[in-house]
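Here is the structure we will look at, set down as structure tokens.
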Amino acid sequence: MTTWTTVAHGIRHARFEPIDVSITVIHGRERDGLLLVDTRCNPREGGELAAEVAALDLGSVTQVVNTHAHYDHTFGNQVFTGAEIHGHAGIAAHFREFEGPRLEAWTADPSAAPQYDWTDVQLTPPTHPHSSPAEIEVGGRRVELIPLGPGHTDTDVAVHVPDAGVWLLGDVIEQSGPPLYGSGAFPLDWPEVLRGLVDVIGADEVVIPGHGTPVDRAFVERQAVMLQVVADVIREGHASREPIEYVAERASTRSGMPLEIVESGVLRGYQQLAELTG
């Protein structure tokens, strides 16, 4: 049994391997359903998660929220067939552009990416997609869903539990490693998304990242500064027509982020700027 930590009244958080994915369970005053935030990497892991949540003896999962579209947060969705699945309205499109092709390539040759276990994955987008802020209720408790602007992806959703002072941000924030510029990232816009969150997160509120231990608003602010350094170097390098590898080295040095992570961000940033300039 994974260790579940009580972050606030009625909110339990656990970290699941592989890749240290954050999973959170939210319940209210009444035992009439649970809200599960994210569903792990595949249906096998989703089934393990369902069993662990059942063992908590808090009730049944009636609602799920995906913090964003990436596989490690959504590929267990199909297990929770009886629940409403909430998420960003852009997840279905992201699946078509990114996760779907990756899944097809893996299915054709699993040996090419043995680190994944995507057997029997059925892409399951949200049954309740959101393009604007919404509220859902869990056991008489109000939970806010706030679609964010393009950042880690263009499918990020912040989950806020006002009465507990808890935010769940998915991979918009990462604690156990540096933030990743994964499929569909927007490195030039991401820092502004974080600054917008800093403006609304209370100084005493708890922030649960997509990977790692809970943090606070100051951590979000520091990560915004780090990502802004990378964004600024990308713009400088593109304006000077510098090779991507030179810009990545400078961005890594200035930000303190690993070169292998920054490289993908610089490439994606150059693509964004090329699209803007035609």
Side-chain angles (χ1 to χ4, degrees), residues 1-88 91 117-128 130 134-145 157-171 175-176 206-214:
M1 180 83 176
T2 304
T3 299
W4 291 84
T5 301
T6 300
V7 175
H9 177 69
I11 301 179
R12 301 195 189 191
H13 168 248
R15 298 165 62 181
F16 285 86
E17 296 298 341
I19 63 178
D20 192 22
V21 177
S22 281
I23 301 293
T24 304
V25 171
I26 301 171
H27 63 88
R29 297 183 300 275
E30 307 157 13
R31 287 177 60 94
D32 62 352
L34 299 177
L35 171 61
L36 176 69
V37 181
D38 289 332
T39 61
R40 301 187 68 195
C41 301
N42 54 53
R44 175 183 57 78
E45 291 182 11
E48 293 171 356
L49 174 60
E52 289 226 8
V53 173
L56 294 175
D57 193 27
L58 298 171
S60 301
V61 174
T62 57
Q63 299 179 88
V64 170
V65 175
N66 293 143
T67 57
H68 61 293
H70 285 162
Y71 76 92
D72 49 329
H73 299 262
T74 63
F75 275 18
N77 280 3
Q78 69 197 71
V79 172
F80 300 92
T81 53
E84 297 178 353
I85 301 179
H86 297 264
H88 196 286
I91 286 181
D117 176 11
W118 290 343
T119 303
D120 299 326
V121 169
Q122 299 173 15
L123 292 179
T124 306
T127 58
H128 292 63
H130 300 281
E135 290 186 0
I136 57 178
E137 188 176 291
V138 184
R141 182 178 222 171
R142 182 168 61 93
V143 177
E144 299 173 343
L145 308 181
V157 168
V159 181
H160 183 215
V161 189
D163 70 335
V166 174
W167 292 79
L168 299 93
L169 299 184
D171 290 2
Q175 183 275 333
S176 56
V206 176
V207 177
I208 297 178
H211 302 264
T213 61

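In what follows, every heavy atom counts, from backbone to side chain, and hydrogens, waters and symmetry copies are set aside.
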Quick one: does E45's side chain have a donor or acceptor within less than 3.5 Å of a partner on P18's backbone?
no
Between atom NE2 of H73 and atom CD1 of I23, what is the distance when rounded to the nearest 0.5 Å?
7.5 Å
H211 (side chain) donor-acceptor with S176 (main chain) under 3.5 angstrom:
no
Measure the OG1-NE2 distance between T6 and H13 for me, rounded to the nearest 0.5 Å.
12.0 Å
Would a distance-only check, ignoring hydrogens and angles, find a side-chain to backbone donor-acceptor pair under 3.5 Å from Q63 to L35?
no
Any donor-acceptor pair under 3.5 Å linking the side chain of N42 with the backbone of W118?
no
Could you give the distance from NE2 (H128) to CG (N66), rounded to the nearest 0.5 Å?
13.0 Å
Between CD of Q78 and CG of D120, what distance do you get to the nearest 0.5 Å?
7.5 Å
Verdict with reasoning, W4 to V53, per side chain to side chain contact (heavy atoms under 4.5 Å, CB included):
CA-CA 10 Å; W4 291 84; V53 173; 4.3 Å; yes
T127 and E84: CA distance, side-chain angles, deciding distance, side-chain hydrogen bond (donor to acceptor under 3.5 Å, both in side chains) verdict
CA-CA 6 Å; T127 58; E84 297 178 353; over 6 Å; no
Keeping the roles fixed (side chain from R40, backbone from S22), state whether a donor-acceptor pair exists under 3.5 Å.
no
Taking atom CG of L169 and atom CD of Q175, what is their separation to the nearest 0.5 Å?
13.5 Å
Which heavy atom in I19 sits nearest to a heavy atom in C41, and how many Å separate them?
CD1-SG, 4.0 Å
Heavy-atom pair of closest approach, residues V138 and G33
CG1-O, 3.6 Å
Judged by atom type as modelled, is there a donor-acceptor pair below 3.5 Å linking the side chain of N77 to the main-chain atoms of T39?
no
Start with the C-alpha distance between V159 and L145, add both sets of side-chain angles, then the distance that settles side chain to side chain contact (heavy atoms under 4.5 Å, CB included), and finish with yes or no.
CA-CA 5 Å; V159 181; L145 308 181; 4.0 Å; yes
Would you name the heavy atoms of V61 and A83 that are closest together and state the gap between them?
O-CB, 3.8 Å
Decide yes or no for W167 and V161: does some side-chain heavy atom of the first lie under 4.5 Å from some side-chain heavy atom of the second?
no
Looking at every heavy atom in both G210 and D171, which two are closest together, and how far apart are they?
CA-OD1, 3.2 Å
What do the steps show when you test R12 against L58 for side chain to side chain contact (heavy atoms under 4.5 Å, CB included), and what is the final call?
CA-CA 11 Å; R12 301 195 189 191; L58 298 171; 3.9 Å; yes
Closest non-hydrogen contact found for P209 with P214 is CD-CA, 3.9 Å
With side chains defined as the heavy atoms from C-beta onward, is the minimum distance between E17 and R15 less than 4.5 Å?
no
Check whether any side-chain heavy atom of F16 sits under 4.5 Å from a side-chain heavy atom of E52, and report yes or no.
yes
Have T67 and D38 got a donor and an acceptor in their side chains that come within less than 3.5 Å?
yes
Between F80 and T124, does a side chain to side chain contact (heavy atoms under 4.5 Å, CB included) hold up when you go through it step by step?
CA-CA 10 Å; F80 300 92; T124 306; over 6 Å; no
To check you understand the geometry: which heavy-atom pair defines the closest contact between P43 and V79, and what is its length?
O-CG2, 3.5 Å
Among I26, T62, L49, which residue satisfies the side-chain contact (heavy atoms from CB on, under 4.5 Å) criterion with L36?
L49
